[in-house]
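Below is one structure, written out as structure tokens; comments come after it.
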Amino acid sequence: MQEKVIITCAVTGNITRPEQHPALPITPRQIADAALEAAQAGASVAHIHVRDPETGRPSMNIAYYREVMDRIREKNPDMVINLTTGPGGRFIPSDDDPKVAAPGSTLTIPEKRVEHIVALRPDICSLDLNTMNSGGEVVINTPRNVTRMAKLIRAAGVKPEIELFDSGDIHLALDLIQQGVLEGPGLFSFVLGVKYGFSATPETMLYARNLLPPGATWTGFGVGRHEFAMVAQAYLYGGHVRVGFEDNIYISKGVLAQSNAVLVRRAHEIIESIGGEIASAAQARTILGLA
């Protein structure tokens, strides 16, 4: 069993809508404040998406990312900052011509998706390996495009966190490690409970864990109602954990969590109640191999 457990807080994401929760962080200040509150509750890593402050819609604006990072580091320089590279991979086919993108598609060139990583050099950034159905839409991350992104991430000196949504993603990761595109044994996250991806069950998490290279560091987390069950399961299987409004907005059935920090405190309590100890930010940096 791992000695210390890292809690990551994903404070806003790009799927949760403002109308679903009145306290969803939208502006750079709100996102940074949510990350700092999560740190006080026990999170040592903040996973960051940004949004347009006027519309609340997902954004790829570098200035917003920079402001969030500056605000976090001003108050808590030890917290590990993990920026997303997920936006820019979604395709919606038109009804009349499916090879033409319909409104709402975000699919763009790989270099654009990691532009903020190259410019800002966070501690970590996510790198999605999934190509899958997502509702009525499709997320596309081809091996060629993932390779282009990974090379730019490594050149920037940033550690990629490989996000895995199904077993095929793991096999792609293993190939990329073998090819030298990614550095092994790697840092991974299992996303469980997304429809058409990994099921949020103990059997699925164990299967996914056993496919990873020996010595890999990993986090397992569940979306929606599966969030807290997967917190316990990830710890018991030797992994780290993640919570936050990106994945779930409820503290219990039908009851909205007042803040991201409330979700972190619940994860903290769960881990300690079954014998785990929470990693500080300094300890998380050691575990993750960060300078």
Side-chain angles (χ1 to χ4, degrees), residues 1-2 5-6 8 10 13 15 45 47 82-86 88-91 110 113-114 117 124-134 138-154 158-224 226-227 229-243 246-247 287-289:
M1 192 65 67
Q2 70 279 42
V5 182
I6 297 169
T8 294
I15 299 295
V45 180
H47 178 61
N82 176 345
L83 299 187
T84 184
T85 67
R90 188 169 293 269
F91 181 76
R113 294 177 62 184
V114 296
I117 306 302
I124 297 173
C125 70
S126 64
L127 181 62
D128 298 349
L129 297 196
N130 62 317
T131 294
M132 66 184 292
N133 292 314
S134 178
V138 180
V139 174
I140 301 176
N141 291 294
T142 63
R144 180 182 297 179
N145 285 354
V146 167
T147 296
R148 287 162 64 179
M149 294 169 68
K151 288 180 176 178
L152 289 167
I153 291 167
R154 290 188 68 176
V158 177
K159 191 177 191 75
E161 177 199 49
I162 311 306
E163 291 209 357
L164 307 166
F165 292 75
D166 211 341
S167 57
D169 303 347
I170 304 178
H171 295 300
L172 174 56
L174 296 175
D175 283 349
L176 294 175
I177 291 172
Q178 185 178 38
Q179 295 163 14
V181 174
L182 296 174
E183 185 177 354
L187 171 63
F188 300 90
S189 281
F190 303 136
V191 186
L192 300 107
V194 174
K195 194 171 185 179
Y196 311 127
F198 278 137
S199 299
T201 65
E203 295 84 359
T204 301
M205 186 181 287
L206 182 62
Y207 167 65
R209 186 204 70 177
N210 290 345
L211 290 175
L212 293 180
T217 302
W218 63 277
T219 293
F221 65 93
V223 301
H226 305 291
E227 183 169 68
M230 292 299 103
V231 165
Q233 200 63 68
Y235 166 69
L236 292 172
Y237 282 158
H240 303 282
V241 306
R242 173 175 131 170
V243 294
E246 175 173 352
D247 309 321
I287 294 167
L288 297 172

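Reckoned from all heavy atoms, side chains included, excluding hydrogens, waters and symmetry mates. The structure presented is a predicted model; accordingly, all values stated were derived computationally and were not measured.
- Looking at every heavy atom in both residues, P202 comes nearest to Q233 through CG-OE1, 3.3 Å.
- The line from OG1 of T142 to CG of L129 is 11.0 Å long, rounded to the nearest 0.5 Å.
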> What's the verdict on side-chain contact (heavy atoms from CB on, under 4.5 Å) for V139 and D128, showing C-alpha distance, side-chain angles and the deciding distance?
Replying inline: CA-CA 10 Å; V139 174; D128 298 349; 5.7 Å; no

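- N82 and R242 are not linked by any side-chain donor-acceptor pair at a separation below 3.5 angstrom, with hydrogens and angles left out of the test.
- Residues P160 and L182 come closest through the heavy atom pair CG-CD2, 4.3 Å.
- Among all heavy-atom pairs drawn from I117 and C125, the shortest one is CD1-CB, 3.5 Å.
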>> side-chain contact (heavy atoms from CB on, under 4.5 Å), that's the test. Do L176 and I162 meet it? Break it down for me.
In response: CA-CA 11 Å; L176 294 175; I162 311 306; over 6 Å; no

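- Rounding to the nearest 0.5 angstrom, the gap separating the CE atom in M205 from the CG atom in L192 is 5.0 Å.
- Taking CZ from R148 and CD1 from I153, the interatomic distance works out to 13.0 Å, rounded to the nearest 0.5 Å.
- Here the closest heavy-atom approach between residue H226 and residue G193 is recorded as CD2-CA, 4.3 Å.
- Legend: residues meeting ring pair (Phe, Tyr, Trp, His ring centres under 6.0 Å) with F221, ordered by chain and number and at least two apart, are absent.
- Of all heavy-atom pairs between L127 and A150, the closest is CD2-CB, 4.0 Å.
- In this structure, OG on S134 lies 11.5 Å from CD1 on I140, to the nearest 0.5 angstrom.
- Considering only heavy atoms from C-beta on, T84 comes within 4.5 Å of H47 through its side chain.
- Contact record, I177 with P185: CD1-O, 4.1 Å, taken as the closest heavy-atom pair.
- Judged as a side chain to side chain contact (heavy atoms under 4.5 Å, CB included), and not counting sequence neighbours, the contacts of L152 are E111, V114, V118.
- Considering only heavy atoms from C-beta on, I287 comes within 4.5 Å of H240 through its side chain.
- Pairs of residues two or more places apart, or lying in two chains, never qualify as side chain to side chain donor-acceptor pair (under 3.5 Å) while including a residue from residues 164-181.
- Taking CE from M132 and CG from N141, the interatomic distance works out to 10.5 Å, rounded to the nearest 0.5 Å.
- Sorted by first and then second residue, the pairs that involve residues 182-202 and meet side chain to side chain donor-acceptor pair (under 3.5 Å), not counting sequence neighbours, are E161-S189, T201-T204.
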Please tabulate, for side-chain N and O atoms in residues 206-218, each donor-acceptor pair with protein atoms closer than 3.5 Å (sequence neighbours left out).
from : atom 1 : to   : atom 2 : distance (Å)
R209 : NH1    : Y237 : O      : 3.1
N210 : ND2    : L206 : O      : 3.4

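- For E227, the salt bridge (charged side-chain N to carboxylate O under 4.0 Å, His left out) criterion is met by no residue, not counting sequence neighbours.
- In this structure, CZ in F188 is found 8.0 Å from CD1 in I170, a value given to the nearest 0.5 Å.
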